[in-house]
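Index from 1, following the sequence. Start at 1 and go down the list; that is how both ligands and their atoms are numbered. The model shown is predicted, which means the values in this text are computed figures rather than measured ones.
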Amino acid sequence: MLYGIFSDIHSNLAAFEAVLDSMKAFGVERRVCLGDLVGYGADPDACVALAKANADVCLIGNHDSVAIKWESDAGFNPYAKKAIEWTQEHLSEDSLKYMRTLPYLFEENDICFVHASPMSPADWVYITDLEDALDAFDHFSGRYCFVGHTHSPVIVAMHEGAIPKIVESGSYQAETGERLLVNVGSVGQPRDRDPRACYCIFDSLKNSVKLIRVDYDILRTQEKMREAGMPQFLVERLGVGR
Ligand code: ZN
């Protein structure tokens, strides 16, 4: 099965459309969204509708959870707060209804999908180093786990009982007995200093993963954010991917 796995769209419609087109071009058979449909960008409703229409599986992220008021924005920085308040005012009843159905975690065969970490999914734990990765490996039983949340794509491979290693290139074929933890990056707000949209293609027959980067119209997207009154910091960071 050829999977297209994507996360952290953050109301960036142009980036999301570009990623959907790219997945189509690669012949992706199953599309999995790891959450954070909204927050930061100017097109929350359109992104929720597109996810609903295109994702075979869609999970909830922390920004989605605040958007539908399952939890407060207490942990957010001032920019994220401003954006999520605007988002709450602009989400339709249809979008809210759909978002309330989204699960925290989904597993099929030997694959685990979750927004932040398989360790206590609703607590939005950040996986930022190998120690965090090791904790994550302890909290899923299958061979593969795909996460988003940090907006920094990375592939981590681990043989049972060994120390996990970071794969330096953007693609990898798992060795026999090896397990993978993959951060699929962010569609709508990359933070690894590459402003292009990011997602992951996973071939479950070949045991291979590949991080894909896709160009989209960043200038137009920034223009829309300005028109919506989003903080300047959020507009500018899109252009540099940080
Ligand atoms: Zn996010």
Side-chain angles (χ1 to χ4, degrees), residues 5-16 18-19 32-44 46-48 50-51 55 57-88 91 95 99 102-106 113-128 132 136 145-154 181-200 211 213-214 216 218 221 225 230-231 233-242:
I5 307 160
F6 54 97
S7 190
D8 297 274
I9 295 152
H10 287 295
S11 303
N12 185 336
L13 182 61
F16 193 11
V19 163
V32 179
C33 174
L34 304 182
D36 271 3
L37 299 172
V38 302
Y40 301 133
D43 286 301
C47 287
V48 173
L50 215 52
V57 175
C58 186
L59 307 179
I60 192 163
N62 53 318
H63 287 254
D64 305 323
S65 178
V66 174
I68 61 176
K69 300 185 179 171
W70 276 2
E71 59 190 282
S72 84
D73 62 4
F76 279 13
N77 66 44
Y79 309 110
K81 264 186 192 169
K82 177 116 203 284
I84 211 69
E85 279 160 20
W86 182 93
T87 302
Q88 285 168 336
L91 277 173
S95 293
M99 291 166 78
L102 305 178
Y104 287 101
L105 182 139
F106 182 80
F113 301 102
V114 64
H115 180 68
S117 169
M119 181 170 83
S120 196
D123 289 328
W124 317 116
V125 175
Y126 285 91
I127 301 172
T128 55
D132 298 339
C145 181
F146 293 91
V147 301
H149 196 42
T150 66
H151 298 209
S152 293
V154 65
L181 173 68
V182 182
N183 188 309
V184 303
S186 170
V187 171
Q189 202 202 70
R191 291 180 193 159
D192 60 338
R193 298 190 180 271
D194 182 341
R196 294 174 298 169
C198 185
Y199 76 101
C200 177
L211 296 164
R213 303 307 291 238
V214 190
Y216 73 97
I218 295 175
T221 303
M225 288 173 75
M230 288 299 171
F233 169 72
L234 293 180
V235 177
E236 280 171 8
R237 75 187 303 180
L238 264 200
V240 286
R242 63 162 189 90

- Task: For the atoms OD2 of Asp36 and OD1 of Asp8, give the angle they form at the Zn ion (ligand 1), rounded to 10 degrees.
- Result: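 The two atoms form an angle at the metal of about 90°.
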- Message: Let me check your reading of the structure: within less than 2.8 Å of the Zn ion (ligand 1), is there an N/O/S atom from His151?
- Response: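 A backbone or side-chain N, O or S atom of His151 is under 2.8 Å from the Zn ion (ligand 1).
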- Message: Any N/O/S atom from His63 (main chain or side chain) under 2.8 Å of the Zn ion (ligand 1)?
- Response: no
- Task: Before accepting this row, confirm whether a basic side-chain N of the pair Asp8/Arg191 lies closer than 4.0 Å to the acidic partner's carboxylate O.
- Result: no
- So which heavy atom on Pro118 is nearest to which on Val147, and how close? CD-CG1, 4.4 Å
- Is the backbone of Ser186 close enough, under 3.5 Å, to the side chain of His151 for a donor and an acceptor to pair up by distance? no
- What class does the angle between the rings of Phe113 and Phe106 fall in, given that below 30° is parallel, 30 to 60° is tilted and above 60° is perpendicular? parallel
